[in-house]
There are 2 protein chains.
Amino acid sequence: MSHRKHQDYTASLKASGLQVTAQRLAVLRSVQTQHHATADEICEQVRSELGTVSRQAVYDALNTLSENGLIRRIEPAGSPSRYESRTDNHHHLICRQCGKVLDVDCAHGEAPCMDPPDTHGFQIQEAEVIYWGICPDCQSHHQ
Amino acid sequence: MSHRKHQDYTASLKASGLQVTAQRLAVLRSVQTQHHATADEICEQVRSELGTVSRQAVYDALNTLSENGLIRRIEPAGSPSRYESRTDNHHHLICRQCGKVLDVDCAHGEAPCMDPPDTHGFQIQEAEVIYWGICPDCQSHHQ
DNA sequence: TAAACTTCTTGACACAGTCCAGAATTGAGC
DNA sequence: GCTCAATTCTGGACTGTGTCAAGAAGTTTA
C-alpha cells in the first residue's frame, strides 16, 4: 500500500521529466496526507521522516512540483501559501477565524465560472473562488 | 471640486466615528486616484502631497479605513496587498504576466456567487473571485 | 483650556520566501 | 557496474511586506 503509493509518485515524477529524490517523494506524501498544509508544516513532517532536510529543499520541491502540476498552491489572504494534492478544478471554503480550509467542487460543473461578464480582452486561464466565512466549530465555540 | 471631495471624505470618516487627519484624507484621495495601488505606491503619493509621512501612519490608515469599509483590501497571490475605493460586490481580473488588476462586476448580479454546492456548515460571508489570465498588452508584446 | 483619548513617529522586529555558491546526488551512456 | 554531465541539496545571508512598542504630538469633549 505504501509501496504502491511510492511507485505512483515515482511514476508521476518521471512522467514530468523530474528526478526522483527522497525529498520530493516525502514532500508529495506529506502534501497528500496533510490537506492544505503550509510549507512549514510540510517541512516538519518531511524532517520527521527523513531526519535532516533543508528548508530550501522543501521550497524547491514545492515550487517544482507546483510548476509541473503534481500539486497545487493556494495563497489565501492573511495566510502563508498552502499546498494540496487535488489538482482538478475546485474551489475553497476558508474560516476567517481559525483559518481552516475545505475543498468545494466548482459551483457550476466544468469551468463556466471562467466566464466573467466582461473579459476586457484578457485571455482567461483560471477562475479562483474563495468562500470566506465562519466554520461550524468557530460558530459554537466563541460567538 | 477637489474641495467637494475633501468634504465627502471628511464626512465619511466622521460617519464611521474616525478622526479626520491629513494623513487619512491623503490616503483616501490616493486610493481613489491610483486604482489597486500597493501600500508602497500609496505611501509615495501621500508623501508627495504632505511631505514627510511615516510608513507606519500609512499602514495604520489603510488598516483602519479597510476595517471601517471606506476602502477595500485585496491580496492577490504573489503580490503585496492592494487597495481600492470601490467597496461594492465585484470581482477582479488579474494579468499573470504584468500583474495588472481590473474590476469586473459580479457575474450573477447581486451575490448569488455566495452559493457553493456544499457549505459544510459554514456561515458564508463573502465570495472572492479572481479571474487569472493574460492582458491584451502582454498578449501582443511578448507572446 | 484641560483632561482623556486617539493618532503619529521612529526604530526594532517577525515572517515567508528567495538568492547564492559550493557540495552531494542522480540518471544516461558506455 | 562506472563515469560524467546535469540536477538537486545544503547552509547562510538577504529581501520585501508588514507588525509591535513606547513616547511625542494631535484631537475631541466638556
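Just the heavy atoms: all of them, side chains too, but no hydrogens, waters or symmetry mates, feed the values below. Labels below follow one simple rule: chain letters A, B, ... track the order of the sequence lines, proteins then strands, and each chain is numbered from 1. What you see is a predicted model; the values in this text were computed from it and never measured.
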Leu50(B) CG to dG26(D) C1', straight-line distance once rounded to whole Å: 15 Å
Residue of the set Gln125(B), Glu126(B), Glu128(B) for which side-chain hydrogen bond (donor to acceptor under 3.5 Å, both in side chains) holds with Trp132(A): Glu128(B)
dG11(D) base / Arg55(A) side chain donor-acceptor hit below 3.5 Å: no
Nucleotide nearest Ser54(A) when distance is taken to its side chain, options dC9(D), dT10(C), dG18(D): dC9(D)
Arg73(A) CZ - dA16(C) P separation (whole Å): 14 Å
Whichever of Arg82(B) and Arg24(A) has its nearest DNA chain D nucleotide further upstream toward 5': Arg24(A)
Side chain Gln56(B) and base dC20(D) donor-acceptor under 3.5 Å: yes
Residue among Gln32(B), His35(B), His92(B), Gln34(B) satisfying side-chain hydrogen bond (donor to acceptor under 3.5 Å, both in side chains) with Glu84(B): His92(B)
Touch class at under 4.0 angstrom, heavy-atom based, for Thr52(A) against every strand present: sugar-phosphate
Touch class at under 4.0 angstrom, heavy-atom based, for Ser81(A) against every strand present: sugar-phosphate
Atom-pair distance (CZ on Arg47(A); P on dT10(D)), nearest Å: 9 Å
Position toward the 5' end of DNA chain D (nearest nucleotide), Pro80(B) or Lys14(B): Pro80(B)
Test: Arg86(A) and Asp105(A) ion pair at under 4.0 Å: yes
Nearest-angstrom distance from the residue atom CG of Leu18(B) to C1' of dT7(C): 11 Å
Glu67(B) CD to dT6(C) P, straight-line distance once rounded to whole Å: 14 Å
Protein-nucleotide distance (Leu62(A), atom CG; dC9(D), atom C1'), rounded to Å: 14 Å
Interatomic distance, Tyr59(A) OH vs dA13(D) P [rounded to whole Å]: 18 Å
Glu44(B) CD to dG16(D) P, straight-line distance once rounded to whole Å: 14 Å
Donor on one side chain, acceptor on other, Glu67(A) and Asn63(A), under 3.5 Å: no
Nearest-0.5 Å distance, CG of residue Asp88(A) to CZ of residue Arg72(A): 7.5 Å
Distance below 4.0 Å between Asn63(B) side-chain N/O and dG18(D) OP1 or OP2: no
Short side-chain N/O contact to dT6(C) OP1/OP2 from Thr21(B), under 4.0 Å: no
Gln23(B) vs dC8(C): side-chain N/O to OP1/OP2 distance below 4.0 Å: yes
